[in-house]
Amino acid sequence: MNEYINIGKFVAAFGLTGELVLKHVLGKKTVFTETEAIFIEELKGSYLPYFIQSSKEKNKEETFIKLEGIDTREIALKLLQKNVWLQQRDFRKLVAKDSSLGLLGYTLIDDGKEIGKIEEVIEQPHQILLQINIEGKEALIPLHKETLININHKKNEVHVTLPAGLLDVYLQ
């Protein structure tokens with residue numbers, strides 16, 4: 001079974017030939033040269049592939065993408081505000097090492113004790129929240145300079161020191 005990662009959404013149509021602007025959170029200028037397809041979730045849990053004809057970086061957060069079969073501006077406009085997903089293997093190739101989204105799937109470790117796998121990364125203005133599952137309950141763990149000890153990319157681990165009692169809130 002493929003895992004899909006939400007990387008952003010289409011925010012604009014560009015030109016008259018159906019080119020789209022993808023606003024993404026990959027953390028670097030990105031060209032989808034080695035990625036065959038992106039996916040759009042038409043129905044909950046059902047991802048429809050769109051094959052990439054060409055792509056060109058715009059800036060660190062946006063990429064121009066031309067999809068097969070999207071040949072007019074009118075057709076492209078129908079895809080605006082649609083979320084774009086990548087298969088996990090393609091996501092890992094494209095995400096910047098320093099991007100918070102790259103922490104998906106890493107193991108969260110508090111003072112040497114494994115807490116759980118990071119299932120979602122929620123970026124907020126002053127901190128990042130890591131969603132994990134503790135004993136069947138969703139937990140949101142703040143990640144900022146006061147709690148982060150280090151990130152081990154080789155072992156896919158995020159080491160933190162959490163405030164006393166934070167995990168107890170989720171275990172009651």
Side-chain angles (χ1 to χ4, degrees), residues 1-11 22-52 55 57 59-63 65 81-163 165-171:
M1 182 173 145
N2 289 319
E3 272 195 52
Y4 295 92
I5 310 276
N6 183 334
I7 61 159
K9 64 181 166 183
F10 291 121
V11 294
L22 170 63
K23 185 171 179 77
H24 59 78
V25 292
L26 295 170
K28 64 180 182 178
K29 288 185 175 183
T30 303
V31 179
F32 295 83
T33 52
E34 295 181 30
T35 306
E36 186 178 347
I38 58 170
F39 296 83
I40 295 176
E41 189 176 25
E42 293 291 329
L43 301 170
K44 186 77 174 153
S46 174
Y47 301 91
L48 193 62
Y50 283 81
F51 296 96
I52 299 171
S55 71
E57 63 191 29
N59 57 43
K60 188 177 176 181
E61 297 177 341
E62 295 179 328
T63 301
I65 291 190
Q81 301 308 310
K82 297 271 188 183
N83 286 323
V84 175
W85 303 72
L86 285 177
Q87 289 182 333
Q88 183 150 351
R89 70 173 187 275
D90 290 331
F91 167 76
R92 288 284 166 216
K93 289 183 213 170
L94 295 172
V95 70
K97 281 284 188 213
D98 62 350
S99 169
S100 59
L101 193 61
L103 300 178
L104 281 173
Y106 278 38
T107 301
L108 185 68
I109 298 174
D110 177 30
D111 288 328
K113 182 181 174 206
E114 186 174 313
I115 305 300
K117 292 263 186 227
I118 299 171
E119 297 176 355
E120 186 175 355
V121 177
I122 304 164
E123 293 190 45
Q124 294 187 323
H126 300 292
Q127 71 182 359
I128 295 169
L129 294 174
L130 304 176
Q131 179 187 320
I132 62 171
N133 191 322
I134 299 176
E135 296 180 12
K137 297 179 183 175
E138 177 184 296
L140 297 175
I141 308 299
L143 182 68
H144 46 76
K145 63 183 178 181
E146 286 82 25
T147 60
L148 179 64
I149 296 171
N150 74 352
I151 299 171
N152 185 331
H153 291 289
K154 288 186 174 147
K155 293 183 177 180
N156 292 347
E157 297 175 342
V158 177
H159 294 266
V160 296
T161 299
L162 298 177
L166 177 66
L167 295 178
D168 296 339
V169 172
Y170 298 105
L171 297 173

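What you see is a predicted model, and the numbers here were worked out from it, not measured in a lab. Basis for what follows: all heavy atoms, side chains included, without hydrogens, waters or symmetry-related copies.
- Heavy atoms of other residues, nucleotides or ligands lying less than 6.0 angstrom from CD of Glu34 number 12 at most.
- Under the rule for a side-chain contact (heavy atoms from CB on, under 4.5 Å), the partners of Leu48 that lie at least two apart in sequence or sit in another chain are Glu42, Tyr50.
- Taking the ring-ring contact (aromatic ring centres under 6.0 Å, His included) definition, one finds that His153 meets it with Tyr106, sequence neighbours left out.
- Between the Asn83 side chain and the Trp85 main chain, no donor and acceptor come within less than 3.5 Å of each other.
- Applying the side-chain hydrogen bond (donor to acceptor under 3.5 Å, both in side chains) rule to Asn150 yields no partners; only residues at least two apart in sequence or on another chain are considered.
- Remark: Phe32 engages no residue in a ring-ring contact (aromatic ring centres under 6.0 Å, His included) (not counting sequence neighbours).
- Not counting sequence neighbours, the partners of Val25 by the side-chain contact (heavy atoms from CB on, under 4.5 Å) test are Leu101.
- When each of Lys117, His159, Glu114 is checked for a side chain to side chain donor-acceptor pair (under 3.5 Å) with Thr107, only Lys117 meets the rule.
- Around CD of Gln124, the count of heavy atoms belonging to other residues, nucleotides or ligands within 6.0 Å exceeds 12.
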Show your working on side chain to side chain contact (heavy atoms under 4.5 Å, CB included) between Leu143 and Val158 and close with a plain yes or no.
CA-CA 10 Å; Leu143 182 68; Val158 177; 4.2 Å; yes

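- Legend: residues meeting side-chain contact (heavy atoms from CB on, under 4.5 Å) with Lys60, ordered by chain and number and at least two apart, are absent.
- Listed here is the closest heavy atom pair of Ile65 and Leu22: CD1-CD2, 3.7 Å.
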